[in-house]
Amino acid sequence: MELAKRFDKQKPSGMVRVFQAIDNMHDVLNLSIGEPDFVTEPDIVDAAAKAAKEGFTHYPPLQGYLDVREAVCAYWERHHGFKATPDEVCMTVGGLHIPWLAFGALLNPGDEVMLIEPYFTPYESQIRDNGGVPVCIKTREENNFAPSIEELRASATSRTRAIILNYPGNPSGRVAARKQLEEIAEFAEERDLIVISDEIYESMVFNGTHTCFANIPGMKERTLLASGLSKSHCMTGWRIGYVFAPKNVINKMCVLSSYQTYGVNDLSQKAACYALNTQDDKVKERAKVFGERMKAVEARLNAMKGVKCHPAEGAFYLFPDISGTGLTSEDFTWRLLDEEHVGVIPGSAFGATGEGYIRIACTQSMEVLTEAMNKMNEFCMKLSK
Ligand code: PMP
């Protein structure tokens, strides 16, 4: 069957290529997966089952049930002091659905969207597929992979319409300092930009403090705050996310979703409502486990020849610099997979700034992480001979 030409250029991303290769192998120590290894808590599952028995088996309201949107607001007020009302929230099919709806609602053809490298890979094609033009902004490790106002000004044009931020970052695991975000806010105001702030890793900060971008004075009105329960509540498979945005944007997103998904799975919404209202201690407990793993892996990485790793800050990713081994990110990744059966993601999959780095997800038990580090250490020793 002949395929549509408009997606000819859309090939599996640098991340997906690794996932596919690992799927076809046995006994891989897989540090490439960006999802918690913990299963969803059983009482969350029970809440979904109860909802099903109570008859929540029909089409959902397009914007999401009021009780879950209230729970989203209460969670953000409790954890980050961010105040919003349920009419400023829309439930979505995972966090990944948010930029799609946002770009659909906001971009005119040719509008430029600033993408801060290293960036979460799907943003780029989502911008393009909605008629926008991604403009990659290079950053430096010593600045937490966050751009300065000068760097942003240098890439701005009359077509710049939006900027997408992601701190704590995937793949960098870095947390932007409030001062850095304030500079970005100043720039957004100066150029009258929309900001999409993907804060899906807000609950996992080990070093520094998470700043909710929309809390910076003047920013709520121009910000879409994106998040979800995939990471914080170990609910990747439930496909449940949410976005805070100005009401006219929420209304447009609902119209767009009425042609695509017609709302979000009832049971996932009810499970999310229960989870957001009852699981704060569990979220904290798990974040502590990720923090401990990251610290242990970071120490191992820094003892390897040719590898340098910045201390863990947030999310569950480490993004070590492997340029000292003399290999490119891709060569390092594929050889590590072939020769040692350890799966990581090449930094170059996240934009040019990522060259020279690899992404390691600490989403495996300490035993698996230790074994993977033993093998990676052997690999680096071999390279240095
Ligand atoms: N944003 C970022 C930065 C992510 O890392 C991910 C998942 N890896 C998502 C959004 C999407 O999350 P979800 O599984 O809820 O669609």
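For the numbers below, each heavy atom of this structure counts, side chains included, while hydrogens, waters and symmetry mates do not. Both ligands and their constituent atoms are indexed starting at 1 by order of listing.
Counting only N and O atoms by type, the side chains of Tyr317 and Tyr201 include a donor and acceptor under 3.5 Å apart. A donor-acceptor contact under 3.5 angstrom links the side chains of Tyr75 and Glu202, judged on distance only. Side-chain contact check for His310 and Arg174: at least one donor-acceptor pair (N or O, by modelled atom type) lies under 3.5 Å. Between Arg359 and Asn170, the side chains place a donor N or O and an acceptor N or O closer than 3.5 Å (distance only, hydrogens not considered).
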Sub-3.5 Å pairs, protein N or O with ligand 1 N or O:
from: ligand 1; atom 1: 1 (N); to: Asp198; atom 2: OD2; distance (Å): 2.6
from: ligand 1; atom 1: 5 (O); to: Asn170; atom 2: ND2; distance (Å): 2.7
from: ligand 1; atom 1: 5 (O); to: Tyr201; atom 2: OH; distance (Å): 2.7
from: ligand 1; atom 1: 8 (N); to: Lys231; atom 2: NZ; distance (Å): 2.7
from: ligand 1; atom 1: 14 (O); to: Ser230; atom 2: OG; distance (Å): 3.2
from: ligand 1; atom 1: 14 (O); to: Arg239; atom 2: NH1; distance (Å): 3.0
from: ligand 1; atom 1: 15 (O); to: Gly95; atom 2: N; distance (Å): 2.7
from: ligand 1; atom 1: 15 (O); to: Ser230; atom 2: OG; distance (Å): 2.6
from: ligand 1; atom 1: 16 (O); to: Gly95; atom 2: N; distance (Å): 3.0
from: ligand 1; atom 1: 16 (O); to: Leu96; atom 2: N; distance (Å): 2.9
from: ligand 1; atom 1: 16 (O); to: Arg239; atom 2: NH2; distance (Å): 2.7

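Among pairs with a residue in residues 247-266, those fulfilling salt bridge (Lys or Arg N to Asp or Glu O under 4.0 Å) read Asp87-Lys247, at least two apart in sequence or across chains.
For the pair Lys270 and Phe56, the cation-pi test (distance below 6.0 Å, angle within 45°) is passed.
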